[in-house]
Amino acid sequence: MRTSQFPLNTVKEIPADAEIASHKLMIRAGLIRKLAAGVYTWLPLGLRVLRKVEQITRSEMNKAGALEVMMPALQPAELWQETGRWEKYGPELARLKDRHDRDFCLGPTHEEIITDLARNELKSYKQLPITYYQIQTKFRDEIRPRFGIMRSREFLMKDAYSFHLSQESLNETYEVMYQTYTNIFNRFGLKFRAVIADSGSIGGAVSHEFHVLADSGEDAIAFSTLSNYAANVEKAEALAPTSARPAATATLQLVDTPNQHSIAEVSAFFGVAPEQCLKTLIVRGEDNILVALLLRGDHELNPIKAEKLDGVLSPLQFAGDAEILAACNCKPGSLGPIGLNIKVVADRSVSNLADFICGANQDGKHYSGVNWERDLALPEIADIRMICAGDPSPDGQGEITIARGIEVGHIFQLGVKYSEAMQAAVINEAGKNQIMIMGCYGIGISRIVAAAIEQSHDERGIIWPNELAPFQVAICPMNMHKSDRLLETVEKVYQELQDAGIEVLLDDRKVRAGFMFSDMELIGIPHRIVIGDRGLDSGTVEYQGRLDKESQEVAFADIVSFIK
Ligand code: ATP
Ligand code: MG
Ligand code: MG
Ligand code: MG
């Protein structure tokens with residue numbers, strides 16, 4: 001490709017709503033453009049990356065023997081009513097009516113649709129086990145879409161579903177999928193961890209999440225320093241032996257909070273961007289536990305919890321799960337269950353918490369005099385269990401470290417939750433009808449593009465891993481338009497690289513060298529070749545890798561093998 005035919009859409013302006021590096025860079029590098037909150041267009045450059053994520057995923061799924069299908073995004077309410085999720089799913093489900101007043105939704109996930117397909121298409125045990133998958137647009141009316149395509153309302157997901165007659169067979173496929181996911185994320189060239197997860201509202205017993213490690217990740221994950229133990233923080237807490245840390249008993253109450261500290265001061269104290277703080281509160285437990293809560297209202301609320309908490313939360317207008325950006329007892333940790341599903345998000349220790357009293361929300365109102373229990377009618381907090389950095393690992397080996405992650409994949413053993421509700425059965429060997437056992441396996445295709453940038457960028461722009469880069473090589477000719485000799489050489493190198501199967505972007509714009517370089521660095525092309533008149537005489541080009549501090553000379557004849 002030539003920039004004359006493949007114009008770059010790089011821009012200088014950073015949109016006001018872009019909080020994290022990947023969001024800013026995706027806009028600046030011209031990968032995406034916003035249409036509405038949580039709804040984005042993929043520009044040609046961005047789409048090349050997205051398609052790579054898709055293709056790698058597809059090829060590994062095919063290798064694992066999964067069968068590709070394509071299910072509708074538009075789904076009739078009847079199927080969701082069969083499983084009870086039409087009622088349970090909550091406001092994240094994008095519902096609509098057709099002209100005949102029939103209820104539909106835009107699929108946030110496809111368990112109902114695939115189970116319907118399976119009960120119609122699968123008749124005999126001989127057809128099992130089977131795994132179907134698709135790469136398809138999902139709709140979730142997220143309470144607060146943010147971070148660009150990282151948490152959007154319309155996004156691309158790879159979702160797979162497997163059907164079995166025995167738990168052993170499900171275990172086998174689950175194992176294959178776990179390995180397939182490991183292969184996929186390795187091929188992307190990303191640093192990731194698989195962690196034990198709660199299967200949450202989807203149901204089922206066994207579940208793992210795959211997280212790309214990045215400081216800006218929304219999830220906290222707990223690792224052991226010694227063993228392979230890794231779990232998301234909620235699961236680690238549920239598994240933590242009570243003997244490891246006696247559960248503290250405390251009644252949380254809102255302490256009367258004079259406005260001694262502004263949001264700016266509080267956020268500076270915790271090293272958090274002020275925009276992330278919706279309000280700050282201090283609560284005190286019975287054992288004089290002081291807890292500083294910086295409530296980030298833009299955290300998504302699990303729809304089931306939202307239902308329960310709706311009335312309770314409205315007095316304080318909580319928009320979502322509370323996140324603790326501070327720690328209690330001067331140690332990072334998380335609290336639960338106090339009805340708010342408070343999660344630890346930072347591994348920061350806090351000193352002098354007792355001196356630290358504040359109580360302002362952004363519009364300056366205070367909550368002084370609010371009695372947590374009376375006014376919010378929260379149940380007494382009986383059990384506070386937290387998993388903290390430095391705690392013994394739940395498997396007894398080593399200590400816990402807490403890291404941040406971006407959830408990019410999630411695999412579940414669903415059991416018979418959907419197949420039973422929808423009577424998806426086949427004839428078994430004994431000639432009897434038997435309900436199938438299911439697994440499901442998701443990958444956030446579009447989120448991975450953002451996660452890759454989040455993990456790897458610098459002040460100059462994106463640093464793509466080779467496999468995801470929109471082009472592997474950028475050719476920047478110096479004054480190409482003034483020299484026929486140069487023009488010829490540039491075309492020759494361009495052709496040779498392409499013949500070798502390398503994706504090349506030739507910058508044939510009449511712009512300054514510095515301008516070309518900064519664009520190529522911003523869009524993250526791994527290899528850059530500069531060809532100028534001087535090199536023509538010595539038969540060399542100037543090569544510089546995206547991470548190299550300096551360029552080096554490489555002979556024309558060697559350039560293809562050098563890059564390969
Ligand atoms: P999250 O915890 O981030 O809300 P989830 O647990 O609700 O994600 P799953 O139902 O497990 O998501 O969906 C499978 C994958 O789809 C997730 O692991 C994630 O990578 C991706 N995904 C989920 N929601 C979004 C979204 N709003 N925008 C982009 N990708 C998403
Ligand atoms: Mg979600
Ligand atoms: Mg999740
Ligand atoms: Mg998930």
Side-chain angles (χ1 to χ4, degrees), residues 1-3 5-10 22-23 25-35 39-64 66-71 73 133-139 147-150 152-160 180-181 183-190 192 210 212 406 408-409 441-457 461-474 497-498 500-506 519-520 522-527 546:
M1 287 292 175
R2 296 157 197 271
T3 47
Q5 292 151 12
F6 192 97
L8 300 177
N9 302 87
T10 53
S22 59
H23 187 184
L25 286 170
M26 288 189 80
I27 303 284
R28 284 189 50 210
L31 306 185
I32 54 167
R33 289 291 180 259
K34 180 172 167 177
L35 179 66
V39 184
Y40 288 83
T41 296
W42 288 83
L43 295 176
L45 192 68
L47 192 61
R48 286 180 76 96
V49 182
L50 188 70
R51 291 287 182 249
K52 295 200 169 179
V53 174
E54 213 179 302
Q55 278 317 325
I56 290 173
T57 305
R58 179 175 281 118
S59 77
E60 293 297 324
M61 289 303 290
N62 290 347
K63 253 191 236 167
L67 303 173
E68 188 166 4
V69 292
M70 178 83 150
M71 292 181 271
Y133 80 96
Q134 64 174 347
I135 295 178
Q136 194 248 14
T137 302
K138 297 280 183 280
F139 297 85
F147 303 158
I149 47 96
M150 184 90 87
S152 50
R153 297 198 294 174
E154 179 178 325
F155 60 96
L156 206 55
M157 195 201 285
K158 186 285 296 174
D159 46 329
T180 299
Y181 274 42
N183 299 346
I184 290 172
F185 292 115
N186 276 330
R187 277 188 64 183
F188 291 154
L190 298 175
F192 70 97
F210 288 75
V212 163
I406 300 167
V408 287
Y441 319 89
I443 287 189
I445 299 287
S446 40
R447 180 178 285 184
I448 283 163
V449 178
I453 299 174
E454 212 49 59
Q455 190 171 76
S456 176
H457 64 268
I462 301 167
I463 303 168
W464 291 115
N466 253 316
E467 285 268 14
L468 299 186
F471 298 93
Q472 277 86 52
V473 179
L497 285 166
Q498 291 196 113
I502 297 169
E503 295 164 297
V504 193
L505 183 62
L506 168 59
D519 261 2
M520 295 306 159
L522 175 60
I523 69 175
I525 307 300
H527 310 280
R546 177 64 178 80

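With contacts defined as side-chain heavy-atom distances shorter than 4.5 Å, the pair Thr3/Leu506 does not qualify. No side-chain heavy atom of Ile525 sits less than 4.5 Å from a side-chain heavy atom of Arg546. A 4.5 Å side-chain heavy-atom check between Met150 and Ile406 finds at least one atom pair inside the cut-off. Side chains of Tyr40 and Ser446 form no contact here, defined as non-hydrogen atoms less than 4.5 Å apart. Inter-residue side-chain proximity for Leu505 and Met520 is flagged as met; some heavy-atom pair is nearer than 4.5 Å. Looking at Leu45 and Asn9, their side chains never come closer than 4.5 Å, going by heavy atoms from C-beta outward. Residues Ile135 and Met61 are not in side-chain contact: their nearest non-hydrogen atoms beyond the backbone lie 4.5 Å or more apart. Proximity of Leu31 to Ile462: side-chain heavy atoms (C-beta onward) are separated by under 4.5 Å at one or more points.
Closest approach of Arg48 to Pro470, counting heavy atoms only: NE-O, 2.8 Å. When every heavy atom of Ile523 is checked against every heavy atom of Trp464, the shortest pair comes out as O-NE1, 2.9 Å. Ala450 and Ile149 make their closest contact through CB-CD1, 3.6 Å (heavy atoms, listed as atom of the first residue, atom of the second, distance). Smallest separation of non-hydrogen atoms from Ala469 and Lys52: O-NZ, 2.8 Å. Of all non-hydrogen atoms in Val408 and Ala451, the two that sit nearest each other are CG1-CB, 4.0 Å. Of all the heavy atoms in Leu190 and Pro465, the pair that sits closest is CD2-CG, 4.5 Å.
Of the possible polar contacts, none joining the Ser456 side chain to the Ala452 backbone as a donor-acceptor pair under 3.5 Å is found. Panel note: side chain Arg33, backbone Ile27; a donor-acceptor pair is recorded below 3.5 Å. Formation of a donor-acceptor pair under 3.5 Å by the Glu54 side chain with backbone atoms of Ile445 is not found in this model.
Cation-pi contact between Arg447 and Phe155: absent, since separation from the ring centre below 6.0 Å together with deviation from the ring axis within 45° is not met.
If you take CD1 on Ile463 and CD on Gln455, they are separated by 11.0 Å, rounding to the nearest 0.5 Å. Expressed to the nearest 0.5 Å, how far CG of Asn186 lies from CD of Glu60 amounts to 9.5 Å. Taking CE of Met26 as the reference point, atom NE2 of His457 lies at 13.5 Å (rounded to 0.5 Å). Here the CZ-CD1 distance, from Phe192 to Ile448, works out to 11.0 Å after rounding to the nearest 0.5 Å. Of the inter-residue distances, the one linking Arg28 atom CZ with Asp519 atom CG reads 9.5 Å to the nearest 0.5 angstrom. Atom CZ of Arg58 is separated from atom NZ of Lys63 by 14.5 Å, given to the nearest 0.5 angstrom.
With a 6.0 Å radius and a threshold of 12 heavy atoms from other residues, nucleotides or ligands, Met71 has its CE atom above the threshold.
With Gln472 as the partner, the side-chain hydrogen bond (donor to acceptor under 3.5 Å, both in side chains) test is satisfied by one option alone out of His527, Glu467, Glu503: Glu503. Just one residue in the list Val449, Asn183, Ile56 forms a side-chain contact (heavy atoms from CB on, under 4.5 Å) with Phe188, and that residue is Ile56.
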(request) Assess whether side chain to side chain contact (heavy atoms under 4.5 Å, CB included) is satisfied between Ile184 and Lys158, documenting all intermediate values. (result) CA-CA 12 Å; Ile184 290 172; Lys158 186 285 296 174; 5.6 Å; no
(message) Test side chain to side chain contact (heavy atoms under 4.5 Å, CB included) on Phe185 and Ile443; report intermediate values, then the result.
(response) CA-CA 10 Å; Phe185 292 115; Ile443 287 189; 4.2 Å; yes
(message) side chain to side chain contact (heavy atoms under 4.5 Å, CB included) for Asn62 and Tyr133? Distances and angles first, verdict last.
(response) CA-CA 9 Å; Asn62 290 347; Tyr133 80 96; 2.6 Å; yes
(message) If you apply the rule side chain to side chain contact (heavy atoms under 4.5 Å, CB included), what do you find for Phe471 with Ile502, and how did you get there?
(response) CA-CA 8 Å; Phe471 298 93; Ile502 297 169; over 6 Å; no
